Amino acid sequence: MRWARVVAGCLAAACVGAVSPAAADDLVRYRGPVEHIFFHPLMPEPRYTLHRGTQPAEFNKWMTTAKEFRGIVRQLYANDWVLVDLESLFRVRKDGSLRRAPLRLPKGKKPLVISIDDLNYPQYMIDNHLNSKLVLDDAGEIAARRIRPDGTKVVSRASEIVPVLDRFVAEHPDFSIDGAKGTIALTGFEGILGYRTSGEGKRARAEQRRVAPVVQRLKDTGWAFGSHSYSHPDFAASSYTRVVQDTDRWERYVEPLIGGDARVFVYPYGSPAAGANLSYLRKAGFRIFCTIGPAASTTVRDGYAVQARVHVDGMSMMSQKSMLKRFFDADSVLDPRRPPLR
């Protein structure tokens with residue numbers, strides 16, 4: 001990989017919510033922890049996903065409903081969190097290593113990174129009536145398309161994380177620093193963003209063309225991309241050969257579609273690589289590695305950064321509420337259509 005910033009488009013004025021020069025004068029140096037929360041794709045209609053389908057108990061544990069996410073965003077804003085871009089937290093030294101970058105925020109605000117895992121809409125999600133892909137709506141904005149059990153196709157800006165955040169930041173530009181939204185961590189084994197882009201065939205090439213304007217719009221409006229591996233293996237338990245093959249496939253089939261070289265790597269299952277496996281990921285150009293943990297934790301060492309992320313889903317909202325209390329009140333946003341955990 002070359003050393004290039006994926007989200008260069010976020011520096012342009014097109015980024016919604018960018019801080020104006022006048023507003024920048026009111027910013028103060030922030031020296032506290034930077035929190036990072038992550039989500040999986042949303043459940044737009046829980047009555048289909050949580051009460052039917054092939055694995056309702058698993059969706060109940062690891063997913064968030066669209067209604068819950070909209071409530072979470074409102075509370076994050078009310079509780080003085082403000083979105084920051086993950087990559088902006090670090091600067092690159094001449095030798096290619098990282099250091100923490102100074103962070104300036106409006107007084108009283110707390111920085112928050114949001115990321116999304118598995119925003120690829122593999123077939124099992126579609127079969128269980130989640131969204132099926134991201135699209136551009138008639139106004140040229142990002143929306144989510146889904147198919148109901150009766151075959152009805154719905155395009156909405158209220159049913160997925162990306163359009164929900166886009167609309168909220170447009171209405172509350174002070175919720176974002178420099179137009180930041182979040183990092184989309186992509187796998188590739190069933191394509192990206194709902195498009196079956198992987199492979200060399202005619203269909204794959206057509207899907208690559210179809211997804212291109214969606215990717216560009218995401219980049220133009222403050223979204224960044226990272227790797228969640230190609231096939232979602234456990235990197236702590238994988239052989240060196242498996243890590244090399246998986247990483248090379250991601251570089252071949254996913255990286256060209258996002259228009260640049262990703263330096264963020266989000267570990268599947270939160271399981272970090274070590275030794276030769278980590279060395280290969282670093283050799284491939286990744287410099288920011290994301291794990292899973294209960295609280296903010298950012299470490300810069302040996303030229304790379306490790307940041308822990310807090311999972312927001314049915315499991316944490318129903319059985320680990322105290323972990324989320326600093327962000328929002330889980331009881332008040334919990335969707336009443338959820339069954340108990342089992």
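Predicted model, so just to flag it, every value in this text is computed and none were measured.
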*Is Val169 reachable from Leu136 through a run of hydrophobic residues whose side-chain heavy atoms are each under 4.5 Å from the next?*
yes

*So with a 6.0 Å cut-off around CZ of Arg342, is the heavy-atom count from everything else above 12?*
no

Using a 6.0 Å distance limit plus a 45 degree cone around the ring axis, check whether [X] lies over the aromatic ring of [Y].
{"X": "Lys109", "Y": "Tyr77", "answer": "yes"}
{"X": "Arg309", "Y": "Phe38", "answer": "yes"}
{"X": "Lys133", "Y": "Tyr195", "answer": "yes"}

Could you tell me whether [X] and [Y] make a salt bridge, using a distance below 4.0 angstrom between a side-chain N and a carboxylate O?
{"X": "Glu45", "Y": "Arg52", "answer": "no"}
{"X": "Asp335", "Y": "Arg337", "answer": "yes"}
{"X": "Asp166", "Y": "Lys181", "answer": "yes"}
{"X": "Lys110", "Y": "Glu35", "answer": "no"}

I want to check something: taking the side chain as every heavy atom from C-beta on, are [X] and [Y] in contact at a cut-off of under 4.5 Å?
{"X": "Ile177", "Y": "Ser88", "answer": "no"}
{"X": "Pro339", "Y": "His51", "answer": "yes"}
{"X": "Tyr253", "Y": "Ile192", "answer": "no"}

*Who are the side-chain hydrogen bond (donor to acceptor under 3.5 Å, both in side chains) partners of Gln75, not counting sequence neighbours?*
Ser332

*side-chain hydrogen bond (donor to acceptor under 3.5 Å, both in side chains) partners of Arg100, counting only residues at least two apart*: none

*Can you label the angle between the Phe168 ring and the His172 ring as parallel, tilted or perpendicular, going by 30° and 60°?*
parallel

*Aromatic rings Phe69 and Phe39: how do their planes relate, parallel, tilted or perpendicular, breaks at 30° and 60°?*
perpendicular

*Which one of Phe289, Tyr230, Phe265 satisfies the ring-ring contact (aromatic ring centres under 6.0 Å, His included) criterion with Phe235?*
Phe265

*Which residues pass the side-chain contact (heavy atoms from CB on, under 4.5 Å) test with Thr291, sequence neighbours left out?*
Tyr267, Pro272, Val306, Ala308

